[in-house]
Amino acid sequence: MHAITLTEFGSPDVMQWTEVPDPTPEPGQVVVDVAATAVNRADLMQRQGKYPPPPGASEILGLECSGVISELGEGVHDWKVGDRVCALLAGGGYAEKVAVPSVQLFPIPAGLDLHAAAALPEVASTVWSNLVQFGGMRSGHTVLIHGGGSGIGTHAIQVAKALGATVAVTAGSKEKIDFCASLGADILIDYKNQDFVEELPDGADLILDNMGAKYLERNVNALAKDGKLITIGMQGGVKGELNFGALIAKRGTIHAAGLRGRPVTGPSSKADIVADMTERLWPMIEEGRVAPIVHAELPITEAAEAHRLLDADAIGKVILRVS
């Protein structure tokens, strides 16, 4: 098969479409013939040598894909060859084929294009596991979503609105702010010209944060009583100073969680997240209340341009079409 490989760590131009060995399914896995994959910020970090895959995962970039099952590993009985699926991956999506544990597969939601479905697994799993499973997001909550125009942000807005929450977002351009408004965001904050703490005088019950250290103090200040700060990214640095007095006064919780390194099965596993999403989120997608937001779709051979797009001003996801 062919896949995107790295000649070295560095700029987008280190990615090349080259021939590599076909994957073979281990027990409990399937092989998916990839129709499309999607670009995530973790891919950009891995390309730069800053985010190695977990032990045992494919070195090939790509944390999600859509496609058709072409081979079943031993012990797989819930799926069959020919099934159309999308999948949450620990790596390997930038390729013509990928082996994936069967418990990390989703059916393609009814009415959704096969290629567009590639934009769902990573962002949806991140949002659902953090805001819903951990945060308990529900009607009556006020939720602050940093980076509202991103793939995670645009998805989180829709899920929060579907569950009846009031949504505040930060974004850095009028185009992104307007798009967040079109998705139903209630409180629109231009982080270049407004202070999100001042814009939320009553605080937020949940904060979904992609910045890490840079926003730590202000995020704590922006929490409502009993609020939860959920950090999923470190774009603003990895080390910050925490005022425990301010956190205790809020009775606040700080939670930080990645997705890629979670176990396949067991407590806090990918299998648990996927099963819960399939039961509770997938109906929202089939009803049209939540949809993948796709900024652009490019052929896999233009992966370098896709990385540049995501690193610029993309709204939502960038898809790489494989077949």
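Side chains included, hydrogens not; waters and symmetry mates left out as well; all remaining heavy atoms used.
- Applying side-chain contact (heavy atoms from CB on, under 4.5 Å) to K228 and the options I207, L206, L208 leaves one that passes, L206.
- Ring planes of H146 and F196: perpendicular class, angle over 60° (limits at 30 and 60°).
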Notebook entry, point to check: Yes or no on side-chain hydrogen bond (donor to acceptor under 3.5 Å, both in side chains) for Y215 and N210, after CA distance, side-chain angles and deciding distance?
Noted result: CA-CA 9 Å; Y215 277 10; N210 60 350; over 6 Å; no
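- Here salt bridge (charged side-chain N to carboxylate O under 4.0 Å, His left out) pairs that include residues 153-162, with residues two or more places apart or in two chains, are K161-D186.
- Within the structure, side chain to side chain donor-acceptor pair (under 3.5 Å) contacts touching residues 239-251 (residues at least two apart or in different chains) are D226-R251.
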Next item on the list: Decide salt bridge (charged side-chain N to carboxylate O under 4.0 Å, His left out) for D33 and K97; before the verdict, give the C-alpha distance in whole Å, the side-chain angles of both, and the deciding distance to 0.1 Å.
Entry: CA-CA 5 Å; D33 288 352; K97 295 176 180 286; 2.8 Å; yes
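- Of the charged side-chain nitrogens involved, none lies within less than 4.0 Å of a carboxylate oxygen, so that K225 and D205 do not count as a salt-bridged pair.
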Which pairs of donor and acceptor atoms, one on a side chain in residues 173-180, lie under 3.5 Å apart (sequence neighbours left out)?
residue: S173; atom: OG; partner: K176; partner atom: N; Å: 3.1
residue: K174; atom: NZ; partner: D178; partner atom: OD2; Å: 2.6

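- Residue pairs meeting the ring-ring contact (aromatic ring centres under 6.0 Å, His included) criterion with at least one member in residues 16-67, sequence neighbours excluded, are H2-W17.
- Of the possible polar contacts, one joining the T170 side chain to the G147 backbone as a donor-acceptor pair under 3.5 Å is found.
- Between the K192 side chain and the A171 main chain, no donor and acceptor come within less than 3.5 Å of each other.
- Applying the salt bridge (charged side-chain N to carboxylate O under 4.0 Å, His left out) definition to pairs two or more places apart or across chains, those involving residues 211-223 are D195-R218.
- Of the candidates E64, E297, H295, E64 is the only one forming a side chain to side chain donor-acceptor pair (under 3.5 Å) with K317.
- Using a 4.0 Å cut-off between charged nitrogen and carboxylate oxygen, D13 and R308 count as a salt-bridge pair.
- The stretch residues 274-284 participates, sequence neighbours left out, in these salt bridge (charged side-chain N to carboxylate O under 4.0 Å, His left out) pairs: D276-R280.
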